[in-house]
Amino acid sequence: MKLYLVSLAVGILVGVIYGGLGVRSPAPPAVALIGLLGMLIGEQVVPPVKRLLAGEPVNLVWFHRECVPKITGLPAPVAKTPTQDGKSETPQA
């Protein structure tokens with residue numbers, strides 16, 4: 001039930017912002033898609049902040065592995081594992 005109330009509250013907030021900007025609802029497709037992209041990017045602000053507050057490092061490798069796939073919808077990059085002869089190999093699925 002809490003999820004529905006939060007969703008309703010955010011929807012009302014977005015409606016107020018749309019009204020303030022003079023954008024009709026439902027928004028034109030380009031405006032709506034850019035808004036969805038903004039929401040995806042905004043969601044990915046939370047994980048790095050949580051890591052920083054926990055004292056864990058936030059680096060580019062972590063960001064590309066954890067956040068970029070959620071924004072782009074592409075699969076996370078596969079980590080290469082070193083072999084005994086020092087060369088890297090990609091794990092087979």
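Linking ILVMFWY side-chain heavy atoms closer than 4.5 Å, directly or via other members, places Val45 and Leu13 in two distinct hydrophobic clusters. Placement of Val10 and Leu21 within a single hydrophobic cluster is found when ILVMFWY residues are connected by side-chain heavy-atom separations under 4.5 Å, directly or transitively. Under the 4.5 Å side-chain contact rule for hydrophobic residues, Met39 and Leu33 share a cluster.
Rounded to the nearest 0.5 Å, atoms OG1 (Thr72) and CG (Leu37) are 10.5 Å apart. Atom CG of Leu40 and atom SG of Cys67 lie 11.5 Å apart (nearest 0.5 Å).
The heavy-atom pair separating Pro48 from Val58 by the smallest distance is O-CG2, 3.6 Å.
Residue pairs meeting the side chain to side chain donor-acceptor pair (under 3.5 Å) criterion with at least one partner in residues 35-63, sequence neighbours excluded, are Arg51-Glu56.
Taking the side chain as every heavy atom from C-beta outward, Val68 and Phe63 approach each other to under 4.5 Å.
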